[in-house]
Participant: 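Below is the structure I would like to discuss, written out as structure tokens.
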Protein chains: 2
Amino acid sequence: MIGETLAERLSCIGELSSADRAALADVKGTVRPVAKGCDILTAGEEPEFAVLVLRGLLCHHRWKRDGTRQIHSFYLAKDAPSLESLHIDYVDSNLGAVVQSTVALIPHAELFRVMEQRPNLRALMWRETLVQAAIVREWLTRNSTLPAHSALAHLFCEMFVRAQAAELTTGGSCDLPATQETLAHALGLTAVHVNRTLQMLRETEMVDLKNGRLYVHEFDQLAALGEFDPSYLHLRRCSKAVRHAAATSPRQTIAGGAGLIQ
Amino acid sequence: MIGETLAERLSCIGELSSADRAALADVKGTVRPVAKGCDILTAGEEPEFAVLVLRGLLCHHRWKRDGTRQIHSFYLAKDAPSLESLHIDYVDSNLGAVVQSTVALIPHAELFRVMEQRPNLRALMWRETLVQAAIVREWLTRNSTLPAHSALAHLFCEMFVRAQAAELTTGGSCDLPATQETLAHALGLTAVHVNRTLQMLRETEMVDLKNGRLYVHEFDQLAALGEFDPSYLHLRRCSKAVRHAAATSPRQTIAGGAGLIQ
DNA sequence: CGAGCGCTTGAGCTGATTCAACAGACGTGG
DNA sequence: CCACGTCTGTTGAATCAGCTCAAGCGCTCG
């Protein structure tokens, strides 16, 4: 069941052979609940297991001295938030549960074994860490350059598209059990300002967030408002046309652009 | 020479055996100059080579429709900014030269060959991509939560420490050939505000930036101002004491914290 | 019923932006 | 050699997005 879940996530960003799936099916781990607000990993630790979300919502975050914190990313069911610990000596942020969640802890040894056996799985797990890095880059852009209403729209689009990819949506809605304060920590805003911004968004009738659930009524409008382009999620079913839309740059490109090698 | 440079960088974040170094020495690539402001890679491309900085300063960046751009990270000499392309289908941001630079383009095939041969090198290259991700997480925190003067101090600390690790400093200074506008694009500020903030920092006499060179006079004070903790750079010579300093959290930790597995 | 948590609202403040003008350094071409 | 344009840095004044502080409201749960 743990291996199947991991397989589902990996197949969102690449191809799995039946041998890959069979190898994953053998993966062992322990299942445990995590209470709301509790941390599974804290900065500085050297875990010997990776985490897989089975249910709920996790986040990577770090506290600052002044009591504020920054959330670096959210993790939905099927996501594997601490794959990075496979090849880095210690983790540099905390992994916490936004709400009561269920996770699987998979010993590194299990993953090393399966990666040794199936190089394609190693490539995909590496890719998964790269996709997570791409998400953080997008958050950097979002938080640094977008005004609050666009930033919130962008976050909603991301969570919704990721939920769709993980088959966690029903109709136009998905769970998003984050308080306004949690959203504020993700966006680098204050809870008060998130509150006012959310009201503005509600008035547009593009989107709503209530009782821990996100209702997306007008995705295209919301995506336009948030300048959201899903290509950074590297989902397999994303069309290439969309991907290349944002590539154009006002600067000159390298002289003799094509055929760089030889 | 290309392989040696890569070895130097990898040995900053891990251990290389002599066999690893020997394998790297064989790595082939082509050297080419890149003019200031030109892009080596543009978003959407599917490169078949990785990039290694030999001289100069590169950055990952992406343009927005309104003509502003966000820089995601800088890359000094010895850094390998596009290792991610090894395992991801297309790059999602541009790789540009901040100033006239020299890069080596290493065909993916070369790197796959050496990683197959030396699993330790694969682990370290994977780790390198993870360290780059950690840097972006830090930038997210910095740009989202720090006021301008702290953010600028933080960026200066990072560039200086990374330059030290790459043995690119002489005394208390290193090259940082970025214009105030470039810094603004990294910090998510306007060039005007960077200008005023830089003047404030100069007045403290902790740091100066002139003629494309960064002079760090009072590193400790600057680090305190920028809330800079180098642990996220995962440099080998960083002491563990420092690493764990920031781990404490005002929240409760998971029940029965120790011994998660079995 | 009371406590706590999350959401809402108001008023005043401030850090950063915008727009605009100008100054110095540099390179280029006449 | 000077004249010119471009690029980078600097300064001022007005404006605004988002913050702070503070109070109040409505749930839910013990």
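Letters go in sequence order (proteins before strands), and every chain restarts at 1.
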Participant: Roughly, in whole Å, what's the span from NE2 in H149(A) to C1' in dC16(D)?
Facilitator: 12 Å
Participant: Does any donor-acceptor pair link the side chain of R196(B) with the base of dG12(D) at a separation under 3.5 Å?
Facilitator: yes
Participant: Would you mind telling me which of dG18(D), dA22(D), dT8(D) lies closest to the side-chain atoms of P147(A)?
Facilitator: dG18(D)
Participant: Any side-chain donor-acceptor pair under 3.5 Å between T170(B) and R213(B)?
Facilitator: yes
Participant: Think T190(A) has a side-chain N or O under 4.0 angstrom from the OP1 or OP2 of dC19(D)?
Facilitator: yes
Participant: Report, one line per pair, each donor and acceptor closer than 3.5 Å where one atom sits in a side chain of residues 150-157 of chain A; sequence neighbours left out.
Facilitator:
unit_1	atom_1	unit_2	atom_2	d
S150(A)	OG	L225(A)	O	2.9
H154(A)	NE2	E138(A)	OE2	3.0

Participant: With a 4.0 Å cut-off on heavy atoms, is G212(B) in touch with a base, just the backbone sugar-phosphate, or nothing at all?
Facilitator: nothing
Participant: Go through DNA chain C in 5' to 3' direction and return only the first and the last nucleotide with some atom under 4.0 Å of chain A's heavy atoms.
Facilitator: dG6(C) to dA11(C)
Participant: Starting at CD of Q180(A) and ending at P of dC19(D), how long is that distance when rounded to a whole Å?
Facilitator: 14 Å
Participant: Between V192(A) and A148(A), who's closer to the 5' end of DNA chain D by nearest nucleotide?
Facilitator: A148(A)
Participant: L198(B) near the nucleic acid: base, sugar-phosphate alone, or nothing, with a heavy-atom cut-off under 4.0 Å?
Facilitator: nothing
Participant: Nearest to the side chain of H193(A), which nucleotide is it out of dT8(D), dT10(D), dC19(D)?
Facilitator: dC19(D)
Participant: I would like to know whether E45(B) and S82(B) meet side chain to side chain contact (heavy atoms under 4.5 Å, CB included); could you show each step before the answer?
Facilitator: CA-CA 12 Å; E45(B) 271 187 78; S82(B) 76; over 6 Å; no
Participant: What's the CE-P distance between M200(B) and dG9(D), to the nearest Å?
Facilitator: 19 Å
